[in-house]
K.L.:
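Got a structure for you, written out below as structure tokens; questions coming shortly.
Numbered from 1 within each chain, the chains take letters A, B, ... in sequence-line order.
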2 protein chains.
Amino acid sequence: MNKGENFHPVWWRNHLRGYGYRITIARQAILDVLSKTEDHLSAEDIFFAVYKKHPNIGLTTVYRTLELFVQMGLIYKFDFGDGRSRYELMGGPKGKEHHHHLVCTECGRVVDYTDFIDDELELLRRTEKELSKKYNFEIKGHLIQFYGLCESCRKKKEKIIE
Amino acid sequence: MNKGENFHPVWWRNHLRGYGYRITIARQAILDVLSKTEDHLSAEDIFFAVYKKHPNIGLTTVYRTLELFVQMGLIYKFDFGDGRSRYELMGGPKGKEHHHHLVCTECGRVVDYTDFIDDELELLRRTEKELSKKYNFEIKGHLIQFYGLCESCRKKKEKIIE
DNA sequence: AATGTTAATGAAAACCATTTTCAATAAGGT
DNA sequence: ACCTTATTGAAAATGGTTTTCATTAACATT
């Protein structure tokens, strides 16, 4: 952030280097976008956001980079059911706290919630432990999502019925 | 099942009729396939299974029927991350008991588990209640999945490292 | 700072699960 | 048996993602 450097925290640069990957403009730009948003961006969203400063970076590179980051565990990839994947920065210095999602099946709105996360995580840990023993799985992660109708979509439906 | 009738439990026929839909060969055949499998079938899997007895039923119809059944709440649609959707009969006379999934990210194997389902469901109900109040959502469902490596995939990886 | 090796990239084409179109068919009430 | 209209099949379209391949750029070495 200082001495004229671009925004590129040490942690993920080391992460990249540690895995033997190169630090490129595209990778910096993509992580930059992800670290500055509260939204759940699709590959195309990220492409457009990156495009503003780097119109030479292609959508293909965005896909490849996201795939790489997912493999490295730098970002999460989610499917909220609208036919495209969404990406979110994982924990770490610039990452948000652990949360789960509440998805409106009508308009696609996604709410990040952290309520009860502790209870959930405790149960998950217990369940993980037992499942890995019983089914011989090495468990790496979990997915919890709730689906429903958000307030405005609910109201729209009520109006139609009236 | 008796009197020479095909396999077509009353419950889903009424379900269909109740929604004003017609009972067709294709719909019978597709539900029949879903009710007789323990696997997590894709649309194509179902198409092939149906094809054996009804080579005239097209893949398009399979997709359309599955979509309809999902809307009606007769079946569940899952995404295990391999690029195609998987379908499962919901609860009901012929449905399996409520369960969650354990997915191997390497080979795609899916284990249905019911362990701790009660604890999970209790927590889910509590969480749902609070979330719907706090975020004004009408919650319709949830998704819980664990991801990891199954035993054989883990062993394969160990071999490569050696 | 110049050079060499090789990973990374962009553009275009390919891929592939799913959806749409549209004319033909069949479910089920009359 | 007939009529209305939902349902269907085949083929084409769609659209997110991946692959191909020649070019470019990271960065270790000199």
Side-chain angles (χ1 to χ4, degrees), chain A residues 5-6 8 12-31 33 40-51 53-72 74-75 77-87 108, chain B residues 5-6 8 12-31 33 40-51 53-72 74-75 77-87 108:
Chain A
E5 283 191 317
N6 289 329
H8 42 50
W12 67 259
R13 295 180 68 105
N14 287 342
H15 225 304
L16 268 176
R17 282 252 172 66
Y19 280 79
Y21 295 115
R22 294 176 180 176
I23 292 168
T24 68
I25 310 270
R27 288 169 184 172
Q28 289 185 48
I30 291 167
L31 267 180
V33 165
H40 306 87
L41 303 180
S42 67
E44 205 182 17
D45 293 336
I46 294 168
F47 167 73
F48 284 129
V50 165
Y51 188 87
K53 287 198 175 178
H54 305 279
N56 50 318
I57 293 175
L59 181 56
T60 309
T61 295
V62 174
Y63 273 109
R64 274 188 293 228
T65 303
L66 291 171
E67 167 67 16
L68 174 69
F69 288 168
V70 168
Q71 297 305 336
M72 290 175 59
L74 223 52
I75 63 177
K77 179 179 186 177
F78 290 102
D79 171 23
F80 296 135
D82 67 341
R84 67 195 61 197
S85 295
R86 306 273 168 177
Y87 300 86
Chain B
E5 284 191 316
N6 288 330
H8 44 50
W12 68 259
R13 295 180 69 104
N14 287 342
H15 225 303
L16 268 177
R17 281 249 173 67
Y19 280 79
Y21 295 115
R22 294 176 178 176
I23 292 168
T24 68
I25 310 270
R27 287 169 185 173
Q28 290 184 49
I30 290 166
L31 267 181
V33 165
H40 307 86
L41 303 180
S42 68
E44 204 182 18
D45 292 337
I46 295 168
F47 167 73
F48 284 130
V50 165
Y51 188 88
K53 287 197 176 178
H54 305 278
N56 51 318
I57 293 174
L59 181 55
T60 308
T61 296
V62 173
Y63 273 109
R64 274 188 292 228
T65 303
L66 291 171
E67 167 67 15
L68 175 70
F69 288 167
V70 168
Q71 297 305 334
M72 290 176 58
L74 223 53
I75 63 177
K77 179 178 184 176
F78 290 102
D79 170 23
F80 297 135
D82 66 342
R84 66 195 60 198
S85 295
R86 306 273 168 178
Y87 301 87

K.L.:
Less than 4.5 Å apart, any side-chain heavy atom of Glu44(B) and any of Tyr63(B)?
P.N.:
no
K.L.:
Are any of Thr24(A)'s side-chain N or O atoms less than 4.0 Å away from OP1 or OP2 of dT9(C)?
P.N.:
yes
K.L.:
Let me know the distance between CZ of Phe69(B) and C1' of dT7(D), rounded to the nearest Å.
P.N.:
12 Å
K.L.:
In this structure, how many angstroms lie between the C1' atom of dT7(D) and the CD atom of Glu67(B), rounded?
P.N.:
15 Å
K.L.:
Any side-chain to backbone donor/acceptor pair from Thr65(A) onto Thr61(A)? Under 3.5 Å, distance only.
P.N.:
yes
K.L.:
Between dT9(C), dT17(D), dG9(D), which one does the side chain of Arg64(B) approach most closely?
P.N.:
dG9(D)
K.L.:
Given the rule in the ring pair (Phe, Tyr, Trp, His ring centres under 6.0 Å) test, do Phe80(A) and His40(A) qualify, once you have shown the distances and angles that lead to the verdict?
P.N.:
CA-CA 10 Å; Phe80(A) 296 135; His40(A) 306 87; 5.6 Å; yes
K.L.:
When you measure from the side chain of Arg84(A) to the backbone N and O of Ser42(A), does any donor-acceptor pair fall under 3.5 Å?
P.N.:
no
K.L.:
In whole Å, I'd like the distance from the CG atom of Leu66(B) to the P atom of dT7(D).
P.N.:
15 Å
K.L.:
Look at the side chain of Arg27(A) and decide which nucleotide, out of dA17(C), dT9(C), dT8(D), has an atom nearest to it.
P.N.:
dT9(C)
K.L.:
Just the rounded figure in Å: distance from C1' of dA11(D) to CG of Leu59(B).
P.N.:
13 Å
K.L.:
Would you kindly give the CD1-to-P distance between Ile57(B) and dA26(C), to the nearest whole Å?
P.N.:
12 Å
K.L.:
Nearest-Å distance, CZ (Phe47(B)) to C1' (dA17(C))?
P.N.:
14 Å
K.L.:
So, OP1 or OP2 of dG16(D): does either fall under 4.0 Å of a side-chain N or O from Ser42(A)?
P.N.:
no
K.L.:
I need the CE-P distance between Met72(B) and dT7(D), as an integer number of Å.
P.N.:
10 Å
K.L.:
Is the phosphate of dT18(C) approached by Ser85(B) (side-chain N or O, under 4.0 Å from OP1 or OP2)?
P.N.:
yes
K.L.:
Taking only heavy atoms on the protein side, list every residue of residues 15-23 of chain B lying under 4.0 Å from any atom of DNA chain D, sorted numerically.
P.N.:
Tyr21(B), Arg22(B)
K.L.:
With DNA chain C as reference, determine whether Ile25(B) or Arg84(B) sits nearer its 5' end, using the nearest nucleotide of each.
P.N.:
Arg84(B)
K.L.:
Using only atom types and a distance under 3.5 Å, with no angle test, would you say the side chain of Arg27(B) pairs donor to acceptor with the backbone of Arg22(B)?
P.N.:
yes
K.L.:
Is there a side-chain contact between Leu74(B) and Leu31(B) in this structure, where contact means two heavy atoms from C-beta onward sitting under 4.5 Å apart?
P.N.:
yes
K.L.:
Once the angle between the rings of Phe47(B) and Tyr51(B) is folded into 0 to 90°, is it parallel (under 30°), tilted (30 to 60°) or perpendicular (over 60°)?
P.N.:
tilted
K.L.:
Could you check how far OH of Tyr63(A) sits from P of dC15(C), rounded to whole Å?
P.N.:
18 Å
